[in-house]
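Shown next, in structure tokens, is the structure this report addresses.
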Amino acid sequence: MVVFAFLVLQVTFALASPDCDFPVVFNFGDSNSDTGAISAAFEPIRWPYGDVFFNKPSGRDSDGRLIIDFIAERLRLPYLSAYLNSLGANFRHGANFATGGSTVRKPNETIYEYGISPFFLDMQVTQFEQFKARSNDLYNQAKNPSDREKLTRPEDFSKALYTFDIGQNDLAMGFRKLSIDQLRAALPDIVNQFASAVQRIYKLGGRSFWIHNTGPFGCLPVNQFYTLNPAPGILDEHGCIKAQNDISMELNNQLKAKLEKLRAELPEAAITYVDVYAAKYALISNGKTQGFPNPLKVCCGYHVRYDHVWCGTKAPINGSLVFGDACENRAQYVSWDGVHYSEAANHFVANHILNGSLSSPPIPITKACHRS
């Protein structure tokens, strides 16, 4: 009872505290938050990706904005430039180290097999370490104010918000190559390596962490493309693959427990665990009442029985060349391309997580610098 009262006092104090003035955001993740890195490093993401909000491909795996873009808007910051994008990048207000296909653990697949990125989480943190050192050198060596305009100010690294959204591709690799029991046995290592990345950022001066768990993997339509007649009991009442969602929740539970331990180990860190799974599953399970009449239907691409043409590509089907075009009424779709969420879905999720109602501790992102 005393512990509970103490926690209530901590959260009350955090909520009563002034909003945090985050001058910059540094993001680490996969395609759910990549704002252009994989396009810069490999083949560009093509139209019709990006055409809802940006009116052109924007390096994002969606028709428009991602959750990280809505985070930037909520904090009144510009959209994050991808660290790997050397053209037109501006790092004054942070940088995005996320790349599509990234994993927490070092991958044993390549981008040419299943689109798995070589820039796994530990590599992203190494890139950040280099970015910080190089940015400080360039900033301090600059002779003119104009030379500093696109650089992060040295004093802002400790004031930054460090966001994480990664783990989905570790599950994807596991479901491809491991049994359920083998994947379950690998979860502690995934979580430990995730925690190690947070610890490294802390040692580099990071203090405010906003950490997303992984979404309901079993609700991604791509997982059902090749299983037209699933056996009884495979799917839940909303059409999601139960065993995959169970593993997703187990990973999330272990991550949450690990972050609770980190709060004790990192005395100056404000660590917020964000239940993105709950927001995404709520959207899918209640889609019809939220303006999404068929939450598991894919907007972009051609997927009819065993014939699949991925979004923005062409392939021969029954002697004709078929283009994987986008649907109409895109605001009514949760899934953009079978793997990634639409802008409308990302906006829904952002609205349900940024206010703190699905966070532990339950504080909004605007107060995520306060330890509680």
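No hydrogens, no waters, no symmetry mates; every other heavy atom, side chains included, goes into these values.
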Next on the checklist: Closer than 3.5 angstrom, by distance alone: can the side chain of Ser248 be matched with the main-chain N or O of Gln244 as a donor-acceptor pair?
Outcome noted: yes

Checklist entry - Between the main-chain N or O of Thr110 and the side-chain N or O of Glu113, is there a donor-acceptor pair closer than 3.5 Å? => result yes

Checklist entry - Is the backbone of Phe119 close enough, under 3.5 Å, to the side chain of Gln124 for a donor and an acceptor to pair up by distance? => result yes

Checklist entry - Given Arg60, which of Asp69, Asp34, Asp51, Asp337 fulfils the salt bridge (charged side-chain N to carboxylate O under 4.0 Å, His left out) condition? => result Asp69

Checklist entry - Any ion pair linking Arg134 and Asp137 (charged N to carboxylate O, less than 4.0 Å)? => result no

Checklist entry - With sequence neighbours excluded, what pairs up with Glu250 under the side chain to side chain donor-acceptor pair (under 3.5 Å) test? => result Arg184

Next on the checklist: Taking CD in Glu237 as the centre, count heavy atoms belonging to other residues, nucleotides or ligands within less than 6.0 Å. Is the count above 12?
Outcome noted: yes

Item to check | SB check Glu129 Arg200 (cutoff 4.0 Å) | outcome: yes

Next on the checklist: Is it the case that atom CE in Met123 sees more than 12 heavy atoms from other parts of the structure closer than 6.0 Å?
Outcome noted: no

Item to check | Ser357 OG to Ile363 CD1 distance, which is reported to the nearest 0.5 Å | outcome: 12.5 Å

Checklist entry - Would Arg105 and Asp122 pass as an ion pair if we require N to O under 4.0 Å? => result no

Next on the checklist: Can you confirm whether or not the ring centre of Tyr226 sits under 6.0 Å from the ring centre of Tyr306?
Outcome noted: no

Checklist entry - Do Cys300 and Cys311 pass the disulfide bond (SG atoms under 2.5 Å apart) test, and can you show the C-alpha distance, the side-chain angles, and the key distance before you say yes or no? => result CA-CA 5 Å; Cys300 189; Cys311 181; 2.0 Å; yes

Checklist entry - Hey, any chance Leu66 and Tyr333 share a hydrophobic cluster, counting ILVMFWY side chains that come within less than 4.5 Å of each other, even indirectly? => result no

Item to check | Residues Thr103 and Asn169: side-chain donor-acceptor under 3.5 angstrom | outcome: no

Checklist outcome for this item: Residues at least two apart in sequence or cross-chain that pass side chain to side chain contact (heavy atoms under 4.5 Å, CB included) with Ala278, listed by chain then number, are Asp275, Leu358

Checklist entry - Considering the options Ile45, Ile38, Asp61, Thr99, which one meets the side-chain contact (heavy atoms from CB on, under 4.5 Å) requirement together with Ser31? => result Asp61

Item to check | Separation between CE of Met249 and CG of Asn252, rounded to the nearest 0.5 Å | outcome: 9.0 Å

Next on the checklist: For Asp165 and Ser33, which I'm curious about, is there any donor-acceptor pair between the side chains at under 3.5 Å?
Outcome noted: no

Next on the checklist: For Trp47 and Phe323, take the angle between the two ring planes, folded into 0 to 90°, and tell me which bin it lands in: parallel under 30, tilted 30 to 60, perpendicular over 60.
Outcome noted: parallel

Next on the checklist: Between Asn192 and Lys258, is there a side-chain donor-acceptor contact under 3.5 Å, judged purely by atom types and distance?
Outcome noted: yes

Checklist entry - Does Asp236 use its side chain to pair, donor to acceptor, with the backbone of Lys242 at less than 3.5 Å? => result no

Checklist entry - Checking Gln224 side chain against Gly239 main chain: does a donor-acceptor pair fall under 3.5 Å? => result yes

Item to check | Side-chain (Asn286) to main-chain (Ala282) donor-acceptor, under 3.5 angstrom | outcome: yes

Next on the checklist: Is the ring pair Tyr83/Phe91 parallel, tilted or perpendicular, if the boundaries are 30 and 60 degrees?
Outcome noted: tilted

Checklist entry - If only atom types and distance count, is the side chain of Tyr139 paired as donor or acceptor with the main-chain N or O of Asp147 below 3.5 Å? => result no

Checklist entry - Is Lys132 positioned over the aromatic face of Phe157, cation under 6.0 angstrom from the ring centre and no more than 45 degrees off axis? => result yes

Checklist entry - Would you find more than 12 non-hydrogen atoms of other residues, nucleotides or ligands less than 6.0 Å from Tyr112 atom OH? => result no

Checklist entry - Quick one: does Ser81's side chain have a donor or acceptor within less than 3.5 Å of a partner on Asn90's backbone? => result yes

Item to check | Inter-residue atom distance Asn108.CG - Met173.CE, 0.5 Å rounding | outcome: 5.0 Å

Next on the checklist: Tell me whether the rings of Phe128 and Tyr162 are parallel (<30°), tilted (30 to 60°) or perpendicular (>60°).
Outcome noted: perpendicular

Item to check | Phe42 side chain near Pro118 side chain, heavy-atom distance below 4.5 Å | outcome: yes

Checklist entry - Listed by chain and number, what are the ring-ring contact (aromatic ring centres under 6.0 Å, His included) partners of Phe175, not counting sequence neighbours? => result Phe217

Next on the checklist: Within a 6.0 Å radius of atom OH on Tyr114, are there more than 12 heavy atoms belonging to other residues, nucleotides or ligands?
Outcome noted: no

Checklist entry - Taking Arg74 for the side chain and Ile365 for the main chain, is one N or O donor matched with an acceptor at less than 3.5 Å? => result no

Checklist entry - With the 4.5 Å side-chain cut-off for hydrophobic clustering, are Ile241 and Leu283 part of the same group? => result no

Checklist entry - Do Tyr277 and Leu235 share a hydrophobic cluster (ILVMFWY, side-chain heavy atoms under 4.5 Å, transitive)? => result no

Checklist entry - Taking the six-membered ring for Trp, are His212 and Tyr273 ring centroids under 6.0 Å apart? => result no

Next on the checklist: What's the separation between atom CG in Asp325 and atom NZ in Lys314, rounded to the nearest 0.5 Å?
Outcome noted: 10.5 Å

Checklist entry - Does NZ or CZ of Arg65 fall inside the cone over Phe70's six-membered ring, less than 6.0 Å from its centre and within 45° of the axis? => result no

Next on the checklist: Check whether Tyr341 forms a cation-pi arrangement with Lys280 (NZ or CZ under 6.0 Å from the six-membered ring centre, at most 45° off the ring normal).
Outcome noted: yes

Checklist entry - Nearest 0.5 Å, what's the OG-NE2 distance between Ser17 and His370? => result 4.5 Å

Checklist entry - So which heavy atom on Ala37 is nearest to which on Ala82, and how close? => result N-CB, 3.4 Å

Next on the checklist: Does the plane of the ring in Phe131 sit parallel, tilted or perpendicular to the ring in Phe26? Use 30° and 60° as the thresholds.
Outcome noted: perpendicular

Checklist outcome for this item: Between Val24 and Ala160 the two heavy atoms that sit nearest each other are CG2-CB, 3.2 Å

Next on the checklist: With heavy-atom distances below 4.5 Å as the criterion, would you say the side chains of Ile68 and Tyr79 are in contact?
Outcome noted: no

Next on the checklist: If you take the centroid of each ring, where Trp contributes its six-membered ring, are Trp310 and Phe225 closer together than 6.0 Å?
Outcome noted: yes

Checklist entry - Is there a donor-acceptor pair closer than 3.5 Å between any side-chain N or O of Asp30 and the backbone N or O of Gly101? => result no

Checklist entry - What distance do Thr214 atom OG1 and Ile247 atom CD1 have between them, rounded to the nearest 0.5 Å? => result 12.0 Å

Checklist entry - Do Phe209 and Cys369 come within less than 4.5 Å of each other through their side chains, counting heavy atoms only? => result no

Next on the checklist: Could you check whether atom NZ of Lys177 has more than 12 heavy atoms from other residues, nucleotides or ligands sitting under 6.0 Å from it?
Outcome noted: yes

Checklist entry - Salt bridge between Asp19 and Lys367, side-chain N to carboxylate O under 4.0 Å? => result yes

Checklist entry - Given the rule in the salt bridge (Lys or Arg N to Asp or Glu O under 4.0 Å) test, do Glu343 and Arg330 qualify, once you have shown the distances and angles that lead to the verdict? => result CA-CA 9 Å; Glu343 176 181 278; Arg330 301 180 192 182; over 6 Å; no

